[in-house]
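One structure is given here, and the rest of the page talks about it.
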Amino acid sequence: LVPPFHGAIAPGLVSEVSAQMLIRQDLVELDDYEHAKISKLARRFAKRYGFHPKLILAVIKVESGFRRHAVSNKGAVGLMQVMPKTGQWIAKRCGVEFRSASMLFDPEANIWLGVCYLSYLKRKFDGDFEKILTAYNMGPAKVSAHLADGREIASQYFQKVIDARKGF
């Protein structure tokens with residue numbers, strides 16, 4: 001595992017304090033420990049997989065509003081709203097033991113798998129963040145089908161994440 005940041009954070013990276021303040025504004029029911037935990041996990045896995053921590057926090061904000069026990073009407077689970085089948089599949093690719101879908105309620109497992117999935121999509125779509133984020137939301141097969149047919153991909157989700165990122 002990559003150790004969490006210690007000491008000063010490089011300019012341009014989200015600071016733990018500002019991330020925690022913004023998370024608090026979105027969901028006041030989290031305690032200080034949960035605020036710090038989500039912020040640290042987002043930074044740790046963002047660094048490991050080559051993303052900016054602000055992007056990971058923005059995805060979490062859009063997906064679940066920082067609610068670790070969130071479940072969508074389609075069955076997506078946790079902070080990053082990982083579908084259990086996707087979680088199981090991506091866990092194999094990332095070397096994570098997938099014990100059961102309930103592990104997706106654990107913030108560390110959920111963020112790890114969510115960011116690992118974003119990393120897979122980053123490679124699949126050659127670093128094109130509009131395609132990456134749209135595929136995270138609607139699935140890579142649908143995005144690929146749209147592109148193959150010459151159709152534009154829906155960018156509403158992409159724009160939501162970009163707008164949320166500006167807040168961090």
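The minimum heavy-atom distance between Ala42 and Leu57, with the atom names listed, is CB-CD2, 3.7 Å. Nearest approach of Pro84 to Phe98, heavy atoms of both residues: O-CZ, 3.7 Å. Closest heavy-atom contact between Ala70 and Ser64: CB-CB, 4.0 Å.
Here the side chain of Ser155 pairs no donor or acceptor atom with the backbone of Phe158 at under 3.5 angstrom. The backbone N or O of Val115 lies less than 3.5 Å from no partner atom in the side chain of Ser119, so there is not a single donor-acceptor pair.
Pairs of residues two or more places apart, or lying in two chains, never qualify as salt bridge (charged side-chain N to carboxylate O under 4.0 Å, His left out) while including a residue from residues 116-125. Counting only residues at least two apart or on different chains, no disulfide bond (SG atoms under 2.5 Å apart) pair has a member in residues 137-168. Within the structure, disulfide bond (SG atoms under 2.5 Å apart) pairs that include any residue of residues 129-168 do not occur (at least two apart or interchain). Listed by first and then second residue, the ring pair (Phe, Tyr, Trp, His ring centres under 6.0 Å) pairs involving residues 67-97 are His69-Phe105, Trp89-Tyr120 (not counting sequence neighbours). The list of disulfide bond (SG atoms under 2.5 Å apart) pairs with a residue in residues 125-168, not counting sequence neighbours, is empty. Every pair tested for salt bridge (charged side-chain N to carboxylate O under 4.0 Å, His left out) that includes a residue from residues 69-97 fails, sequence neighbours excluded, so the list is empty. The salt bridge (charged side-chain N to carboxylate O under 4.0 Å, His left out) pairs that include a residue from residues 136-148 number zero, where partners must be two or more places apart or lie in different chains.
Atoms CG and CG, on Asp126 and Leu121 in that order, are 12.0 Å from each other to the nearest 0.5 Å. Taken to the nearest 0.5 Å, the CG atom of Leu118 stands 11.5 Å off from the CD1 atom of Ile111.
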**Report entry** Stepwise side-chain contact (heavy atoms from CB on, under 4.5 Å) test for Glu34 and Arg68
**Finding:** CA-CA 10 Å; Glu34 284 292 315; Arg68 67 182 275 187; 3.3 Å; yes

Report task. For salt bridge (Lys or Arg N to Asp or Glu O under 4.0 Å), just list the numbers for Glu108 and Lys37, CA-CA rounded to whole Å, side-chain angles, deciding distance to a tenth of an Å, and then say yes or no. Result -> CA-CA 9 Å; Glu108 182 172 12; Lys37 184 176 183 179; over 6 Å; no

Report task. Begin with the C-alpha distance, continue with both residues' side-chain angles, and end with the deciding distance and a verdict on side-chain contact (heavy atoms from CB on, under 4.5 Å) for Phe45 and Ile56. Result -> CA-CA 9 Å; Phe45 292 115; Ile56 305 309; over 6 Å; no

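Annotation: side chain of Val77 is not in contact with side chain of Val82 (no heavy-atom distance under 4.5 Å). Annotation: side chain of Glu63 is not in contact with side chain of Val161 (no heavy-atom distance under 4.5 Å). Counting only heavy atoms from C-beta outward, the side chains of Ile162 and Phe129 never approach each other to under 4.5 Å. Taking 4.5 Å as the limit, some side-chain heavy atom of Tyr157 sits within range of a side-chain heavy atom of Val62.
A continuous path of ILVMFWY side-chain contacts below 4.5 Å connects Leu79 to Val71, so both sit in one hydrophobic cluster. In the hydrophobic clustering of ILVMFWY residues, with side-chain heavy atoms under 4.5 Å counting as a link, Met83 and Tyr117 come out apart.
With sequence neighbours excluded, the residues that form a side-chain hydrogen bond (donor to acceptor under 3.5 Å, both in side chains) with Asp163 are Gln159. By the salt bridge (charged side-chain N to carboxylate O under 4.0 Å, His left out) test, Arg151 is found to be paired with Asp149, residues two or more places apart in sequence or in another chain being considered. For Val96, the side-chain contact (heavy atoms from CB on, under 4.5 Å) criterion is met by Ala91, Cys94, Met103, Trp112, Leu113, not counting sequence neighbours. Under the side-chain hydrogen bond (donor to acceptor under 3.5 Å, both in side chains) criterion, Gln81 pairs with no residue, sequence neighbours left out.
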Under 3.5 Å, sequence neighbours excluded: what are the donor-acceptor pairs made by side chains of residues 133-140?
| residue | atom | partner | partner atom | Å |
| --- | --- | --- | --- | --- |
| Thr134 | OG1 | Glu130 | O | 2.7 |
| Thr134 | OG1 | Ala154 | O | 3.2 |
| Tyr136 | OH | Met80 | O | 2.6 |

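Between the side chains of Arg43 and Ser39, at least one donor-acceptor pair of N or O atoms lies under 3.5 Å.
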